[in-house]
Amino acid sequence: MKKRRLWAALLLSVVMVFTLAACGSSSKNSSGLEDGTYTAEFSTDSRMFHVNETKDGKGTLTVKDGEMTIHITLVSKHIVNLYPGTAKEAAKADKDDLLQPTTDKVKYDDGTTEEVYGFDVPVPEIDKEFDCALIGTKGTWYDHKVKVSNPVKEDK
């Protein structure tokens, strides 16, 4: 009889732990953002590696199942790959681990349009710098620090 109560109490404890864990892991990530689409600032440590002027320093942050990715539109097609890490890691990385460009069309204030590269960059944390290496048309990897901040949920 005592063994049965002990097992019942133990089973109830396990069920409660899993229930609480499931409630806590709804659709938010460590930054407290719910799944959805946001506009967020994307800043870098470089004047050469930055968001296109038509985007006002911002990208589209997508949060899905707690994972965050920001789509940034760059100023040209001179950066051909990005890597979420250091240049040393990127040089050793499998080609499938490199971030591949998208072709984005931008329209400037004077009415001209241009095709430039964009990238979907994984974001480990909001408001904290992280490594992002890039390789340009000359074939050399460069280290950079980037940061995503001030996410604002987009209206549906």
Side-chain angles (χ1 to χ4, degrees), residues 14-109 113-156:
V14 169
V15 168
M16 287 176 57
V17 167
F18 281 109
T19 302
L20 289 172
C23 289
S25 66
S26 63
S27 61
K28 290 187 178 182
N29 61 21
S30 63
S31 296
L33 296 176
E34 294 181 355
D35 284 4
T37 305
Y38 300 77
T39 298
E41 294 173 14
F42 183 84
S43 57
T44 75
D45 61 358
S46 171
R47 287 184 284 140
M48 302 299 286
F49 171 40
H50 59 89
V51 174
N52 191 287
E53 66 187 69
T54 63
K55 302 299 181 180
D56 197 28
K58 297 180 176 139
T60 302
L61 179 70
T62 303
V63 180
K64 184 173 182 184
D65 299 327
E67 299 291 320
M68 298 183 289
T69 304
I70 189 164
H71 182 81
I72 54 169
T73 299
L74 300 181
V75 298
S76 69
K77 290 185 175 181
H78 296 294
I79 295 172
V80 295
N81 290 112
L82 295 179
Y83 180 79
T86 65
K88 186 175 181 180
E89 294 167 337
K92 296 177 185 176
D94 189 286
K95 211 170 195 160
D96 292 337
D97 294 330
L98 304 181
L99 302 180
Q100 300 300 316
T102 60
T103 300
D104 297 358
K105 193 172 192 174
V106 293
K107 184 176 183 179
Y108 296 99
D109 288 340
T113 60
E114 181 180 24
E115 286 188 349
V116 297
Y117 281 156
F119 289 91
D120 294 319
V121 180
V123 179
E125 205 170 332
I126 298 294
D127 291 324
K128 186 172 181 183
E129 278 189 340
F130 58 94
D131 293 314
C132 187
L134 67 82
I135 190 169
T137 54
K138 294 183 180 181
T140 302
W141 283 103
Y142 295 96
D143 282 318
H144 289 286
K145 295 285 188 186
V146 300
K147 182 168 79 170
V148 175
S149 56
N150 299 321
V152 177
K153 186 129 186 187
E154 293 182 354
D155 295 329
K156 290 184 177 186

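Every heavy atom of this structure was used, including side-chain atoms; hydrogens, water molecules and symmetry mates were not. Each residue takes its place number in the sequence, starting with 1.
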Under a 4.5 Å cut-off applied to non-hydrogen side-chain atoms, are [X] and [Y] in contact?
X	Y	answer
K153	L33	no
H144	D131	no
P122	L99	yes
Y38	I70	no
P151	T39	no

Mind telling me whether F119 and Y117 have parallel, tilted or perpendicular rings, with 30° and 60° as the class edges? perpendicular

Evaluate the side-chain contact (heavy atoms from CB on, under 4.5 Å) criterion for residues K77 and T137: first the C-alpha distance (whole Å), next the side-chain angles of each, then the deciding distance (0.1 Å), finally the verdict. CA-CA 9 Å; K77 290 185 175 181; T137 54; over 6 Å; no

[X] side, atom [atom1]; [Y] side, atom [atom2] - distance, nearest 0.5 Å:
X	Y	atom1	atom2	result
S43	K147	OG	NZ	5.5 Å
I72	F42	CD1	CZ	3.5 Å
H71	L61	NE2	CG	12.5 Å
D120	T62	CG	OG1	7.5 Å
D155	T37	CG	OG1	11.5 Å
I135	T140	CD1	OG1	7.0 Å

May I ask you to check whether over 12 heavy atoms, not counting those of K105, lie within 6.0 Å of atom NZ? no

Enumerate, atom names and distances included, each donor-acceptor pair closer than 3.5 Å involving a side-chain atom of residues 88-98, sequence neighbours excluded.
| from | atom 1 | to | atom 2 | distance (Å) |
| --- | --- | --- | --- | --- |
| E89 | OE1 | T86 | N | 2.8 |
| E89 | OE1 | T86 | OG1 | 3.3 |
| D94 | OD1 | D96 | N | 2.8 |

If you compare all heavy atoms of I126 against all heavy atoms of S149, which two are closest, and at what distance to 0.1 Å?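 Of all heavy-atom pairs spanning I126 and S149, the closest is CG2-CA, 4.2 Å.
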
When the side chains of residues 48-60 are checked against the rest of the protein, which donor-acceptor pairs come out under 3.5 Å, sequence neighbours left out?
| from | atom 1 | to | atom 2 | distance (Å) |
| --- | --- | --- | --- | --- |
| H50 | NE2 | R47 | O | 3.1 |
| N52 | OD1 | T54 | N | 2.9 |
| N52 | OD1 | T54 | OG1 | 2.9 |
| N52 | ND2 | L74 | O | 3.1 |
| N52 | ND2 | Y108 | OH | 3.3 |

Please check if the side chain of D104 supplies one atom and the backbone of V116 the other of a donor-acceptor pair under 3.5 Å.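 Between the backbone of V116 and the side chain of D104 there is no qualifying donor-acceptor contact (under 3.5 Å).
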
Donor-acceptor contact present, side-chain T44 to main-chain S46, <3.5 Å: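 Judged by distance alone, yes, a pair lies under 3.5 Å.
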
